[in-house]
Amino acid sequence: MRVRFAPSPTGALHIGGARTALFNWLLARHEGGELVLRIEDTDRERSTPENVEQILDALRWLELDWDEGPILQTERSARHQEALAALLEGGHAYRSQATAEDVKAYKELHGSERGFRGEAEAEGAVRLRVPDEGATVVQDVVRGANRFEHVHMDDPVIARADGSVLYNFAVAIDDLDSAITHVVRGEDHVSNTPKQLLVIEAARAVGLTDAADPLYAHLPLLHGPDGKKLSKRHGAASVQELRDAGYLPEAVRNYLALLGWGAGDDSTVLSTQELVDRFTLERISRNPARFDETKLKWLNGVYIRELDEAELTRRLEQYTGRADLAEAARISQEKIHTLADFMPLAGALLDGPGDDPAARERWLDEDGRAALADAREALAQAPDFDQASIEAALSGVIERRAAKPRQVYQPLRVAITGTTISPGIFESLALLGREETLRRIDAALARS
RNA sequence: GCCGCUAUCGUCCAGGGGACUAGGACGCCGCCCUCUCAUGGCGGAAACCCGGGUUCGAAUCCCGGUAGCGGUACCA
């Protein structure tokens with residue numbers, strides 16, 4: 001089995017594209033086949049080296065590797081020209097100067113359900129000759145047989161007047177030459193498929209190849225939470241935005257795999273290895289799915305909690321660009337859902353307290369300050385400053401004051417972090433160390 | 001307009017003629033745990049688009065409607 005992922009480099013890799021890449025990758029790995037990466041860069045305006053690099057960058061981050069390529073479609077133009085000439089020569093294609101307006105006029109004359117047929121001319125764009133009779137049936141692994149009557153199809157333009165080839169032609173020739181057995185791509189390509197199949201048939205007729213048609217599998221499209229096209233206003237819409245939002249690639253793979261595919265039982269958390277083991281085309285759904293970040297966030301939290309401390313530390317250090325995060329990472333692990341959650345939670349321990357007036361007002365009133373002063377003394381005299389000693393010292397304070405735990409812990413928390421939200425209080429104090437803890441408490445007490 | 005596709009909780013995924021009183025997950029609500037935030041545990045609300053037909057029996061098959069989506073480029 002040979003599959004391919006063939007994005008057009010129009011910028012960052014969209015989530016829909018990432019899902020397509022993932023499904024191809026899972027299929028190739030499941031079957032022990034090969035994945036070919038091809039860049040569809042025949043649109044010269046939009047295809048830049050920077051955009052190509054963005055695609056590669058996204059794929060690398062997702063840890064989806066490929067076995068061949070990247071093949072740049074534009075680098076294959078000699079072969080495309082050869083194939084184009086052969087189709088022209090064999091009468092399967094013809095030059096025509098017909099414009100979009102001409103096509104429209106033709107249809108008004110012959111009925112809108114009647115496809116455009118042109119006359120061969122000496123110059124002009126190249127159109128593929130679609131037979132008047134019959135139909136092309138796309139055998140789709142996901143959606144079954146789709147029948148496209150030839151009468152409804154326009155003779156598609158396969159090369160511009162200047163000779164440069166168009167998408168539907170290049171794709172067909174490239175898939176053939178790469179010996180692709182399964183074309184797995186988005187549903188937006190279904191109506192392109194009969195055109196590509198017709199190109200393949202013509203290529204075979206003129207002896208360009210003797211390869212069989214690839215099998216097609218069209219994936220249901222991905223939409224935003226509102227059912228509309230996925231875009232930036234839905235939050236993250238590209239792989240790089242997901243990375244920036246602090247998601248883990250393994251969580252993204254797991255989540256994306258669940259969009260348009262199910263393992264068949266009720267499992268939701270599936271490691272990449274399990275995904276590879278269980279993935280089949282047959283289980284792909286036909287319904288469009290919505291990309292909902294809340295579930296991804298939950299899943300990401302699951303994966304973060306599964307990381308060992310060293311690995312979480314490594315990821316956080318890479319994400320934040322900071323060093324020595326081990327201790328803070330350890331005490332934050334259970335509380336964060338994304339890498340981006342880390343600094344808001346634990347940043348104050350690292351960089352000094354923030355300032356939340358509401359928190360101060362609520363917890364550093366007269367009672368709070370008294371509790372804080374008591375806690376300061378207990379902490380100053382604690383025999384040790386590890387988590388257990390801190391807890392023991394503070395328990396004593398609570399007992400003496402006949403207070404509720406929070407009446408001591410919250411003022412302390414506000415004193416050392418400036419806010420009401422932080423990792424566990426004992427862990428936080430231990431991380432700060434006795435000296436820094438006392439310093440912060442004194443500073444809070446000295447205020448106002 | 002024309003061509004094509006799709007339709008199960010708010011969302012994702014199961015169920016594909018009787019096992020459905022329709023299952024799991026996220027989210028939501030409630031309770032428990034608890035130093036905040038989380039985590040964890042327990043419980044709850046929540047769906048077969050509508051109308052016909054086939055059948056002893058339909059969420060499941062067929063037809064129609066409706067809705068949504070894709071395509072309809074000398075873009076990919």
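All values derive from a computational prediction rather than experimental measurement. Every chain is numbered from 1 and lettered A, B, ... according to where its sequence line falls, protein lines coming before strand lines.
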Position toward the 5' end of RNA chain B (nearest nucleotide), A:Ile421 or A:Ala289 =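 Taking each residue's closest nucleotide, the earlier one in sequence belongs to A:Ala289.
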inquiry  = Here's a test of your reading of the structure: between A:Lys335 and A:Ala98, which maps to the more 5' nucleotide of RNA chain B?
reply    =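 This one resolves to A:Lys335.
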Residue matched to [N] through Watson-Crick or wobble contacts both under 3.5 angstrom:
N: B:C56; result: B:G18
N: B:U39; result: none
N: B:G1; result: B:U72
N: B:G23; result: B:C13
N: B:C49; result: B:G65

Nearest to the side chain of [X], which nucleotide is it out of [options]?
X: A:Thr268; options: B:A25, B:C2, B:U11; value: B:A25
X: A:His152; options: B:C74, B:C3, B:C26; value: B:C3
X: A:Phe148; options: B:C35, B:G4, B:C2; value: B:G4
X: A:Thr420; options: B:U36, B:C12, B:C74; value: B:U36
X: A:His189; options: B:C74, B:C3, B:A76; value: B:A76
X: A:Leu166; options: B:G70, B:C75, B:U36; value: B:C75
X: A:Asp188; options: B:C13, B:G71, B:C2; value: B:G71

Using the [atom1] atom in both, what is the distance from [N] to [M], to the nearest Å?
N: B:C42; M: B:G51; atom1: C1'; result: 43 Å
N: B:A14; M: B:C29; atom1: P; result: 28 Å
N: B:A59; M: B:G18; atom1: P; result: 11 Å

Please classify the nucleic acid contact of [X] as base, sugar-phosphate, or nothing, using heavy-atom distances under 4.0 Å.
X: A:Gly264; value: sugar-phosphate
X: A:Arg114; value: nothing
X: A:Thr419; value: nothing
X: A:Gln410; value: sugar-phosphate
X: A:Gly111; value: nothing
X: A:Leu221; value: sugar-phosphate
X: A:Tyr255; value: nothing
X: A:Pro7; value: nothing
X: A:Val190; value: nothing
X: A:Asp162; value: nothing
X: A:Ser422; value: base

Check if the side chain of [X] and the base of [N] share a donor-acceptor pair of N or O atoms closer than 3.5 Å.
X: A:Asp266; N: B:G23; result: yes
X: A:Lys104; N: B:U72; result: no
X: A:Asp41; N: B:A76; result: no

Are [X] and [N] close enough that a side-chain N or O sits under 4.0 Å from OP1 or OP2?
X: A:Arg143; N: B:G4; value: no
X: A:His337; N: B:C37; value: no
X: A:Arg147; N: B:C3; value: no
X: A:Asn287; N: B:A7; value: yes
X: A:Arg286; N: B:C69; value: no
X: A:Ser191; N: B:U72; value: no
X: A:Arg283; N: B:G15; value: yes

Ring centres under 6.0 Å, that's the criterion: do [X] and [Y] meet it?
X: A:Tyr255; Y: A:Phe291; answer: yes
X: A:His110; Y: A:Tyr106; answer: yes
X: A:His182; Y: A:Phe23; answer: no

ask   = Is a side-chain donor-acceptor pair under 3.5 Å present for A:Asp174 with A:Gln73?
value =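 Their side chains do contain a donor-acceptor pair, which is all the 3.5 Å distance test asks for.
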query = Is there a donor-acceptor contact under 3.5 Å linking the side chains of A:Ser422 and A:Arg413?
reply =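 Yes, A:Arg413 and A:Ser422 have a side-chain donor paired with an acceptor closer than 3.5 Å.
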Grab the two heavy atoms, one from [X] and one from [Y], that are nearest each other, plus how far apart they are.
X: A:Val151; Y: A:Asp132; answer: CG1-O, 3.5 Å
X: A:Gln240; Y: A:Gln54; answer: NE2-O, 3.5 Å
X: A:Gly115; Y: A:Lys107; answer: CA-CE, 4.5 Å

request  = Nearest whole angstrom, please: distance from the C1' of B:C13 to the CG of A:Leu222.
outcome  =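 Computing the A:Leu222:CG to B:C13:C1' distance gives 14 Å.
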